[in-house]
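So that the names make sense, note that chain A is the first sequence line, chain B the second, and so on, each numbered from 1. Just so you know, these numbers come straight off a predicted model, no measurement behind them.
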Amino acid sequence: MEPKFPGCNCSVCPFKDREFVPPEGPKDSEVLFLGQAPARNEVREGRPFAGQAGVCLNAALEESSLERGKILIDNVILCFFAGGERPPREAVECCRGHIDLETPRVIVPLGNDALGVVTNRWDGIMSLSGEAFGSPEKVVIPLVHPAFYLRNNMPESFTDFVQGVSLVRDFLEGRSYFHVGSRFRVLRSREEALALFESLRSSPPRDLAVDLEASGPDPFGDIILCVALAWDEEEGVVIPWDSEYLRQHNSEFVGLLEDEEVFRSLKSCLELQPGVLAHNSLYDACMLKREGIDVRVENDTLLMHYVLDERRGVQGLKNIARRFLGLSDWEVGLKDYLPNKEAPFTLVPPGVLFEYAAKDACVELVLRRKLGQVLDTPENAGPKRLYTGAGEQAGLMDICRMFVDVISRGVRMDPEALSVALKEMPSRLEELSESLRQYTGSEFYNPGSVPDNRYYLFEKFGLPKVKGDSTDKEVLETLRGEHPFVDLLLEYRQYQKVCNTYMVNIARSYRSGRGHPDFKLFGTVTGRLSANNLNPLVFPRESRGDLYSYPKRVFVADDGCFLLQADYKGMELRVLAVLSQDPWALEVLSNPESDWHGEMAEEMYGELYTGADEKLKKELRVIAKMLVFGLNYGRGAPSIARQLRCSAFRENPEFCPRCRAGLDCPRALREADDLIERYFSPIPVIKHWRTEQVRLAHTVGYIESPFGRRRRFPLITASNKHAVDKQALNTAVQSTASDCTLQAMYRLYREVGDLVRPLWTVHDAVLMNVSLRATPRDVEGILSIIEETPRVLLDTDLPFFLDASAGFRWGALTPYEGVIPELADLTLLPSAD
DNA sequence: TAATACGGCGCC
DNA sequence: AAACGGCGCCGTATTA
């Protein structure tokens with residue numbers, strides 16, 4: 001038979017009877033996008049990429065201003081295969097003859113089959129996706145097929161596809177990155193180093209990328225192995241530092257920076273250099289500061305990228321380099337020397353490590369230009385402002401530099417408080433564990449094992465299942481008193497949490513009387529801080545009781561200082577009122593005496609509330625409060641109904657068997673619906689604002705906060721729509737509240753000078769060391785700066801109010817009432833390691 | 001043996 | 001099927 005298309009070998013093709021879809025676009029195009037095979041929609045329309053995947057492709061092309069009509073769009077196989085079905089190789093072999101790989105300058109294989117046809121590698125698209133192969137004249141950029149993101153419900157990752165397509169444009173316009181970091185030079189003599197630093201000092205480059213390699217991730221414990229510098233895209237320069245490391249590897253390199261004069265020369269070079277650039281500079285700058293080099297980092301490629309792409313886990317240099325420059329992972333060589341994730345970099349031979357470091361620095365240099373250009377486009381005005389700051393708003397770089405200072409100084413810790421806890425808790429834990437074991441009668445029982453607990457609770461002791469198989473706290477609370485095992489297990493879990501999650505980590509982070517929390521400015525999609533290891537964001541509230549107070553009690557005021565904590569009252573609610581400009585909400589919240597939750601309880605329950613006794617009033621107010629938080633988080637009626645159950649049940653559990661059995665109850669649902677409606681009735685503007693946020697997420701594709709922070713929704717499908725809607729409701733509020741707090745901390749840091757040294761924020765609270773020399777007036781000044789920051793930055797008349805507390809031990813602060821605390825009963829042992 | 005998933009739980 | 005936003009860590013269980 002005649003081939004259906006020139007080059008195809010249809011006569012021997014087992015699929016020759018299937019429907020056929022020809023390629024689309026000019027045959028002599030510079031660009032070829034090569035997909036897999038036409039699916040249902042393509043057959044119906046008679047053209048490739050006509051369905052959902054086509055929508056994705058079109059969106060990505062448009063984002064990069066590439067005209068679909070000028071691009072050759074083809075499939076490996078020209079006949080129908082159902083979506084998700086991988087065609088057999090036989091079909092590929094019969095069909096591939098029609099594909100012209102010679103003419104196009106840029107070839108984009110989409111998915112594994114296209115990758116195979118173009119490169120002869122038939123799998124591994126996931127690891128190769130986004131990397132550019134070839135030369136500036138002829139390049140192949142494999143990408144994951146857009147259908148993959150749709151099929152596997154990975155909407156966030158669709159950004160990677162868009163980014164990959166934008167590389168096509170780079171190559172078409174003559175921009176390529178094969179040369180970046182292709183050479184490196186290790187300084188071998190002190191004369192060479194001194195001469196280099198001198199020349200950098202006398203004629204500083206516009207940007208100087210600085211990248212450290214250290215033995216590990218702890219800027220306050222690990223050792224710097226080398227410093228890499230780059231001011232040239234092609235060649236990075238490495239200055240070895242730690243000679244012990246070099247000796248271990250019998251390296252002929254010299255630990256030049258151990259030489260006093262070389263060190264001083266580098267120090268002055270870096271401190272005077274105006275355009276220092278780094279990736280995740282918080283880390284490098286803390287480390288350099290520890291060594292006595294106070295570098296002012298001007299730009300940070302990680303933060304530049306973060307404001308453009310807030311996703312978690314994509315901020316690594318290699319990942320960004322791949323997506324923006326098409327560079328393949330140059331770190332793979334290191335892995336040969338690193339047996340696991342915790343392995344120290346000292347295991348890597350200096351020659352290998354230095355090459356890697358130099359390349360890092362060069363890549364940063366190029367990324368800084370590239371990301372800078374992206375940030376300078378008008379559509380990225382918001383992210384740009386977030387990054388650089390504007391007017392009263394400090395930029396992320398400013399805040400990052402503040403954190404270098406703050407984290408480096410760290411927080412004072414009381415070793416006594418630590419050791420007491422660490423002595424007592426493990427033995428109590430062991431006791432509890434033993435008691436539990438006795439109830440089970442099995443020496444193999446493990447109190448940490450969920451299956452074990454399930455078995456004993458529900459099978460052996462015959463306790464009722466309240467929430468599926470769950471044995472969580474809520475379930476155990478309802479079973480309290482039914483069996484002594486339950487109460488013991490609850491206590492065991494509390495001790496386990498406090499001891500192993502908090503105290504052990506706090507102890508691990510103890511460094512000569514101080515701790516250095518490792519805050520990240522890029523760990524969340526909303527802009528809140530995150531931290532690992534020593535994480536002050538999650539230490540239990542002291543109101544939880546004695547046991548839970550241990551962690552915070554370890555942290556104490558600096559010498560000559562007291563701790564002051566300022567919490568914004570009802571912050572997210574106020575932010576919501578400002579963002580939505582709801583008149584009723586603004587009115588109520590303007591009054592410092594007003595009780596929002598009480599007002600809401602009245603709205604929702606009417607006479608039931610106004611005529612209620614104190615006890616009932618309190619209960620109804622709690623429900624109102626729960627609704628305020630829940631609705632802000634996107635909670636819906638079914639979920640609220642399940643929690644509140646129905647009024648009949650509340651009157652007497654016997655009246656509603658459904659609620660009693662934990663089943664969905666139509667009456668409860670109706671009542672929840674009604675409550676929500678009443679909740680929103682006085683605040684229709686907030687209600688409208690919420691639908692507007694959801695609409696924006698779907699139409700614009702992102703939500704932008706007043707600080708220019710964006711939460712992006714690159715791909716919304718049926719399966720993630722509900723999640724997106726809820727995220728869209730919450731994101732602006734959470735992010736704005738957090739940014740206000742950070743900005744307040746920054747203003748304190750800049751404006752109040754010696755009297756106050758902020759330690760950190762906890763989402764809507766600022767903790768700081770305040771000098772005992774401060775007067776109540778000074779403290780008022782400090783508090784009013786914090787208080788007014790949201791008003792200034794959000795440009796609103798709505799006042800914000802604070803709860804302030806003070807003392808010498810975090811976890812034992814008392815309300816601040818205009819009196820500077822007196823250092824009295826705090827006994828501190830001298831710092832010991 | 002190492003990486004990953006999951007239940008559980010702390011914070012706002 | 002679930003239907004509550006944003007985080008990080010522990011310990012066990014499971015998978016590669």
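A salt bridge links A/Glu310 and A/Arg712; the closest N-O separation between the charged side-chain nitrogens and carboxylate oxygens is under 4.0 Å. Between A/Lys467 and A/Glu477, none of the side-chain N atoms (NZ, or NE/NH1/NH2) sits under 4.0 Å from a carboxylate O, so this pair counts as no salt bridge. Taking the charged nitrogens against the carboxylate oxygens, A/Glu156 and A/Arg311 have no contact shorter than 4.0 Å, which rules out a salt bridge. Between A/Arg511 and A/Asp218 there is a salt bridge, with a side-chain nitrogen of the basic residue lying less than 4.0 Å from a carboxylate oxygen of the acidic one. The pair A/Asp452-A/Arg437 does not count as a salt bridge, with every side-chain nitrogen at least 4.0 angstrom from each carboxylate oxygen.
Ring orientation note: the planes of A/Tyr456 and A/Tyr445 are nearly perpendicular, at an angle over 60° on the 30°/60° scale. Taking the six-membered ring where tryptophan is involved, the planes of A/Tyr439 and A/Phe485 are perpendicular, since the angle between them exceeds 60° and thus also 30°.
Rounding to whole angstrom units, NZ of residue A/Lys721 and P of C/dA3 are separated by 17 Å. Distance, A/Leu627 CG to C/dC4 P: 12 Å, rounded to whole Å. Residue A/Ile703 contributes atom CD1, which lies 15 Å from atom P of C/dG5 at whole-angstrom precision. One can place CZ of A/Arg635 at 10 Å from P of C/dA3, the figure rounded to the nearest angstrom.
Around CD of A/Glu431, the count of heavy atoms belonging to other residues, nucleotides or ligands within 6.0 Å exceeds 12. Within 6.0 Å of CZ on A/Phe629 lie no more than 12 heavy atoms contributed by other residues, nucleotides or ligands.
Note on A/Gln734: a base of the nucleic acid sits closer than 4.0 angstrom, heavy atoms only. Within the 4.0 angstrom heavy-atom criterion, no nucleotide atom of any strand lies near A/Ser738. Backbone-only engagement by A/Thr471 is indicated by non-hydrogen atom pairs under 4.0 Å involving sugar-phosphate atoms exclusively. When heavy atoms are screened at a 4.0 angstrom cut-off, A/Pro638 is found touching no nucleic acid atom at all. Contact annotation for A/Phe539: backbone-only contact, meaning every heavy-atom pair under 4.0 Å involves sugar-phosphate atoms and none involves a base.
Atom OH of A/Tyr387 sits about 8.5 Å away from atom CG of A/Leu396, to the nearest 0.5 Å. Taking NZ from A/Lys497 and OH from A/Tyr502, the interatomic distance works out to 4.5 Å, rounded to the nearest 0.5 Å.
Separation of the C1' atoms belonging to B/dC9 and C/dA1 is 24 Å when rounded to the nearest angstrom. The P atoms of C/dA2 and B/dC6 are separated by 15 Å, rounded to the nearest whole Å.
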The contact string for nucleotides 8-16 of chain C, one letter per nucleotide 5' to 3', using protein heavy atoms under 4.0 Å with B, S and - for base, sugar-phosphate only and none, comes out as BSSSSS---
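With a cutoff of under 4.0 Å to any heavy atom of chain A, the contacted region of DNA chain B is bounded 5' to 3' by B/dA3 to B/dC12.
Nearest-nucleotide assignment on DNA chain C puts the 5′-proximal partner with A/Tyr633, out of A/Tyr633 and A/Val525.
Here the shortest heavy-atom pairing between A/Thr731 and A/Arg711 reads OG1-CB, 3.5 Å.
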If you write DNA chain C from 5' to 3' in dot-bracket form, with Watson-Crick or G-U pairs under 3.5 Å, [ ] for crossing pairs and | for pairs with another strand, what do you get?
....||||||||||||
